[in-house]
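Inspection log for the structure reproduced underneath, given as structure tokens.
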Amino acid sequence: MRQTYIKEIAKHVGEEVTIKGWLYNIRSSGKLMFPQIRDGSGIIQGVVFKKAVSEETWKNFELLTQESSIVVKGKPREDSRAPGGYELDITELEIVQIAQDYPITPKEHGIEFLMDHRHLWLRSRRQQAILRIRAEIISAVRTFLDDSGFVLCDSPIFTPAACEGTTTLFECDYFGDEKAYLTQSGQLYNEATAMAFGRVYCFGPTFRAEKSKTRRHLTEFWMVEPEMAYADLEDVMNLAEEFLSYIVARVLDKRQEDLKVLERDISKLEAIKTPFPRLQYDDAVKMLKEGGLEFEYGNDFGSPDETYISQKYDRPVMVHRYPAKVKAFYMESDQENPDLSLSVDVLAPEGYGEIIGGGQRMFSLEKLRERIAEHNLDEASVDWYLDLRKYGGVPHAGFGMGIERCVTWICGIEHVRETIPFPRMLYRLKP
RNA sequence: UCCUCAGUAGCUCAAUGGUAGAGCAUCCGGCUGUUAACCGGAGGGUUGUAGGUUCGAAUCCUACCUGAGGAGCCA
């Protein structure tokens, strides 16, 4: 018999169906058993009456352990007593494999234990909800950009040098005679493809060898970076707010059940509508000082500063025109004040902090050369990048969004480590 | 790199200088509507490692190891 997926069970009430999955948990009450079965699409509670099944089937049910793989046949029906609203009256059981001593029991566990068993932890309800939302967000990102005229042009993962001098890179041996580095941003390559296709985006893994040990950091994370030719800072901010509000709307539309598993406050997400507040760096600094926070003008915001600013709003706030010296070398400077850059960070609400960073790119070849020198970067290694300012340069702009930080915010959870199937963090490379 | 906290049964924790214990998981038994089911019983320990103080150390001291949170840096 064909396999029926649990999420489709409502369409099969009264029919005999076959469910192929794993035993999530089982409760027994003498002559009655309540196995909870999951198949990846959902969880359903089964009912087994001793009198209604063969002696062999009953005995086999007594053998089952948590996460044993099983195929069952039965008839689904609506039942208000069952978690999920539907229940399966089971008639037959086929044991595929008995699991032995599954380590993740239905009680609570510490984070170290769960991280060591990440390959099994993925089976739990909460992790599935988070990763389904991640998949939805990624799908929404692609749909939005594809439908807005952006061409997917992925940037390389092996790169010959740093894109931004500040962060630490993972170094690899490249056939013995050369060093390669894992990409920390597709930015420079995006500018090249944008000059070819007009509107482009890259979307892939990014690597940062920073020894950051906080709930916001991974050493390997996924970043989507749209870039537009003939665009300025204003266009980037417009794009960012349309982009984020589309993503949130998609998750609200398609993943209600998963948000419910996570006990996410939906009203907080329903507030995410354009326009987003826009705040100049200078005004943000005033806000911090009025709030009594110690802050020196000219510095970048620290985590507590971002938290303070973002908590003032019910939707993401776009802080723009940061001092040039705290931003990447390729940021265009503000004509009205050359010490400021045409940059923008989008800070997610509820204290989640920066999820997007972007801006308008430096147009002038001469000024770009000066910046490269100021940042002690090797001009020879980015000669191809400078070509983009020689052969039909145009004003252009874009941003990068860290997927895991976005997922963390939308899910309303504490730590980025749960938003990617196998997180890579400082001192944690396994499993 | 720096600061703070924590390592006791497979898991989550208790025992605060005097006989290492509970819940869950596992095994055995009971229960015809369970909701992290419940009830009874059993097995399960080099208290992270090494040293020290003490009549006596899970407990106090030193070093190291491992993990977590935070700072800086960043998406």
Side-chain angles (χ1 to χ4, degrees), chain A residues 24-36 43 45-52 58 62-63 65-67 79-85 87 89 99-117 120-121 124-126 163-168 183-187 203 205-225 240 299-307 326-328 344-348 352-358 399-409 414-417 419-420 425-428:
Chain A
Y24 195 72
N25 195 6
I26 188 163
R27 289 179 276 268
S28 79
S29 181
K31 308 287 184 288
L32 191 57
M33 279 194 247
F34 299 96
Q36 290 194 316
I43 297 181
Q45 173 163 289
V47 185
V48 190
F49 277 98
K50 191 169 186 179
K51 282 182 182 168
W58 182 261
E62 289 183 322
L63 295 174
T65 54
Q66 196 190 349
E67 284 302 321
D79 194 313
S80 59
R81 290 170 296 185
E87 208 165 60
D89 285 321
Q100 295 191 355
D101 292 331
Y102 185 72
I104 304 180
T105 60
K107 282 273 178 173
E108 24 180 86
H109 299 280
I111 194 62
E112 182 182 359
F113 179 79
L114 290 171
M115 289 301 291
D116 286 343
H117 295 84
L120 303 176
W121 191 20
S124 72
R125 214 185 291 246
R126 174 184 160 91
C163 291
E164 308 176 21
T166 51
T167 47
T168 325
T183 181
Q184 59 183 343
S185 165
Q187 175 56 36
F203 189 6
T206 307
F207 308 87
R208 304 267 168 102
E210 293 155 356
K211 293 202 168 180
S212 300
K213 199 170 159 51
T214 79
R215 69 184 72 184
R216 297 178 305 280
H217 285 89
L218 296 169
T219 52
E220 175 183 316
F221 65 96
W222 284 63
M223 185 155 69
V224 56
E225 298 175 89
N299 286 345
D300 201 355
F301 299 126
S303 272
D305 308 317
E306 283 186 1
T307 300
V326 303
K327 287 291 172 187
V344 59
D345 280 0
V346 182
L347 310 181
Y352 281 95
E354 184 180 353
I355 54 170
I356 281 180
F399 65 76
M401 180 177 82
I403 290 296
E404 289 77 14
R405 284 191 181 175
C406 180
V407 177
T408 306
W409 160 53
E414 282 294 303
H415 204 299
V416 287
R417 66 185 160 217
T419 63
I420 184 167
M425 296 179 295
L426 185 60
Y427 309 134
R428 194 174 273 285

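Every chain is numbered from 1 and lettered A, B, ... according to where its sequence line falls, protein lines coming before strand lines. Not measured: the values here are computed from a predicted model.
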Which of the following nucleotides, [options], is nearest to the side chain of [X]?
| X | options | result |
| --- | --- | --- |
| A:Glu210 | B:G67, B:C74, B:G33 | B:C74 |
| A:Thr214 | B:U32, B:A75, B:A71 | B:A71 |
| A:Arg417 | B:A68, B:U12, B:A71 | B:A68 |
| A:Glu112 | B:U32, B:A75, B:G67 | B:G67 |
| A:Ser28 | B:C31, B:G33, B:U32 | B:C31 |

[X]: salt bridge (Lys or Arg N to Asp or Glu O under 4.0 Å) partners, not counting sequence neighbours:
| X | answer |
| --- | --- |
| A:Glu108 | none |
| A:Asp305 | none |
| A:Arg428 | A:Asp116 |

Euclidean distance for [atom1], [N] against [M] (whole angstrom):
| N | M | atom1 | result |
| --- | --- | --- | --- |
| B:G72 | B:G45 | P | 47 Å |
| B:C39 | B:G52 | P | 47 Å |
| B:U59 | B:G7 | C1' | 14 Å |
| B:A42 | B:C24 | P | 14 Å |
| B:A20 | B:A58 | P | 8 Å |
| B:U53 | B:C60 | C1' | 8 Å |
| B:A50 | B:A57 | P | 15 Å |
| B:A15 | B:C55 | P | 27 Å |

Partners meeting side-chain hydrogen bond (donor to acceptor under 3.5 Å, both in side chains) with [X] (sequence neighbours left out):
| X | result |
| --- | --- |
| A:Gln66 | none |
| A:Thr105 | A:His109 |
| A:Glu354 | none |
| A:Arg215 | A:Glu414 |

Quiz item: How many Å lie between CZ on A:Phe113 and C1' on B:A6, as a whole number?
Solution: 18 Å

Practice problem: Could you check how far CG of A:Leu114 sits from P of B:C11, rounded to whole Å? | Solution: 11 Å

Quiz item: Can a donor-acceptor pair under 3.5 Å be found between the side-chain atoms of A:Arg27 and the base atoms of B:C31?
Solution: no

Exercise. Assess whether one donor atom and one acceptor atom, taken from the side chain of A:His217 and the base of B:C74, lie less than 3.5 Å apart.
Key: yes

Self-check item: Under 3.5 Å: donor-acceptor pair, side chain of A:Tyr24, backbone of A:Arg125
Solution: yes

Quiz item: Taking A:Thr183 for the side chain and A:Ser185 for the main chain, is one N or O donor matched with an acceptor at less than 3.5 Å?
Solution: yes

With a non-hydrogen cut-off below 4.0 angstrom, is [X] in contact with a base, only sugar-phosphate, or nothing?
| X | result |
| --- | --- |
| A:His117 | nothing |
| A:Glu108 | base |
| A:Arg125 | nothing |
| A:Arg428 | sugar-phosphate |
| A:Asp345 | nothing |
| A:Ile104 | nothing |
| A:Gln45 | base |
| A:Glu414 | nothing |

Quiz prompt | Heavy-atom side-chain proximity of A:Ile26 to A:Phe34 below 4.5 angstrom | solution = no

Quiz item: Can a side chain N or O of A:Arg215 be found less than 4.0 Å away from OP1 or OP2 on B:A75?
Solution: no

Exercise. For B:A71, take OP1 and OP2 only and decide whether either is under 4.0 Å from a side-chain N or O of A:Arg216.
Key: yes

Exercise. Could you check whether A:Phe34 and the base of B:G33 form a stacked pair, meaning centres closer than 5.5 Å and planes differing by less than 30°?
Key: no

Check nucleotides 1-5 of chain B for protein N or O atoms closer than 3.5 Å to its own N or O atoms and list the pairs.
residue, atom, partner, partner atom, Å
B:U1, OP1, A:Lys211, NZ, 3.3
B:U1, O4, A:Lys211, O, 3.1

Quiz item: Residues in ring-ring contact (aromatic ring centres under 6.0 Å, His included) with A:His117, at least two apart?
Solution: A:Phe113

Practice problem: Identify, with sequence neighbours excluded, every residue that meets ring-ring contact (aromatic ring centres under 6.0 Å, His included) alongside A:Phe399. | Solution: A:Phe243

Exercise. Starting at the 5' end of nucleotides 21-29 of chain B, put B wherever the base has a protein heavy atom under 4.0 Å, S where only the sugar-phosphate does, and a dash everywhere else.
Key: --SSSS---

Practice problem: Go ahead and write out RNA chain B as dot-bracket, 5' to 3': ( ) for pairs within the strand, [ ] for ones crossing earlier pairs, | when the partner sits on another strand, dots for unpaired; Watson-Crick or G-U wobble, both distances under 3.5 Å. | Solution: (((((((..((((....[..)))).(((((.......))))).....(((((..]....))))))))))))....

Self-check item: 5' priority, RNA chain B, between A:Ile111 and A:Val416 [closest heavy atom]
Solution: A:Ile111

Quiz item: What residue among A:Leu347, A:Val346, A:Asp345 forms side-chain contact (heavy atoms from CB on, under 4.5 Å) with A:Ile356?
Solution: A:Val346

Quiz item: So with a 6.0 Å cut-off around CD of A:Glu62, is the heavy-atom count from everything else above 12?
Solution: yes

